[in-house]
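Working notes, beginning with the structure itself.
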Amino acid sequence: MEVEKVQREFDVRLEWKSFYLRPETPPEGLPLPPALRARMMDPNNPLKRRAAQMGLTMRDHDVIPSTRRAHQATKWAGTQGKLDPMHEQILRRYWTLGGDIGQWPALRAAARDALLDPDAMQEAVEPGTFQPEVDRDIQEAQELGIHAVPTFVVGERHAVQGAQEAEVFRQLLRQLGARPRSG
């Protein structure tokens with residue numbers, strides 16, 4: 001990921017927050033609207049081209065999954081010290097493997113791949129224990145006016161929206177006076 005490149009160069013911390021791009025999505029998901037499907041399936045889609053440059057394959061989807069469980073599962077993983085690996089595995093399940101991250105089989109597999117106990121994850125997440133924490137993130141995003149995924153907030157007031165190249169982050173960090181790591 002481009003942000004990880006920048007993290008190696010600058011002393012910055014990445015903190016994942018929950019956000020619903022489509023909050024109306026029911027647990028079973030929604031059919032992908034035809035116009036969005038056409039845009040996502042276009043081989044010249046900039047996101048697909050950048051993924052290919054990074055050696056990644058993006059799967060096409062017919063359904064927009066509900067991300068509510070995935071957000072809660074990630075919050076639970078954070079209590080286990082494995083937020084980043086779980087987040088990475090959920091993204092991999094969806095984008096590369098084409099899994100429905102709104103359903104337990106995909107989330108359980110993500111937990112296993114993140115070296116977490118899938119039974120413990122499901123037991124902790126199923127009753128909605130982490131929903132208040134997710135709701136706080138959503139409220140914070142609304143207060144900040146965030147409406148895109150991903151959105152990176154730098155210095156608590158500068159938003160970078162979309163999957164940007166590393167140089168976009170480098171330029172902003174330099175403008176804010178951040179210095180590259182030494183050594």
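The figures that follow rest on heavy atoms only: side chains count, while hydrogens, waters and symmetry mates do not.
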[X] side chain to [Y] backbone, donor-acceptor under 3.5 Å:
{"X": "T129", "Y": "A124", "result": "yes"}
{"X": "R69", "Y": "G102", "result": "yes"}
{"X": "R37", "Y": "H61", "result": "yes"}
{"X": "N45", "Y": "R39", "result": "yes"}

Indicate yes or no: at least one non-hydrogen side-chain atom of [X] is less than 4.5 angstrom from one of [Y].
{"X": "V63", "Y": "L30", "value": "no"}
{"X": "I138", "Y": "S18", "value": "yes"}
{"X": "E133", "Y": "W76", "value": "no"}

Answer yes when [X] and [Y] have at least one side-chain N-carboxylate O distance shorter than 4.0 Å, and no when they do not.
{"X": "R108", "Y": "D119", "value": "yes"}
{"X": "R170", "Y": "E9", "value": "yes"}
{"X": "D113", "Y": "R93", "value": "yes"}
{"X": "E167", "Y": "R174", "value": "yes"}
{"X": "D60", "Y": "K48", "value": "yes"}

**Request:** Fit a plane to each ring of Y20 and H71, take the angle between them on a 0 to 90° scale, and name the class: parallel (under 30°), tilted (30 to 60°) or perpendicular (over 60°).
**Result:**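 Y20 vs H71 ring planes: perpendicular.
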Compute whether any side-chain donor of one residue and acceptor of the other, for [X] and [Y], lie under 3.5 angstrom apart.
{"X": "D137", "Y": "W16", "value": "no"}
{"X": "Q175", "Y": "Q171", "value": "no"}
{"X": "D135", "Y": "Q131", "value": "yes"}

Could you pull out the closest heavy-atom pair between [X] and [Y], with the gap in Å?
{"X": "K82", "Y": "A114", "result": "CD-O, 3.6 Å"}
{"X": "Q72", "Y": "G128", "result": "OE1-CA, 3.3 Å"}
{"X": "P65", "Y": "D100", "result": "CB-OD1, 3.2 Å"}

**Prompt:** Between CD1 of I64 and CG of L32, what distance do you get to the nearest 0.5 Å?
**Reply:**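 The distance works out to 5.0 Å.
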**Request:** Under the ring pair (Phe, Tyr, Trp, His ring centres under 6.0 Å) rule, collect the residues that match up with F19, sequence neighbours excluded.
**Result:** none
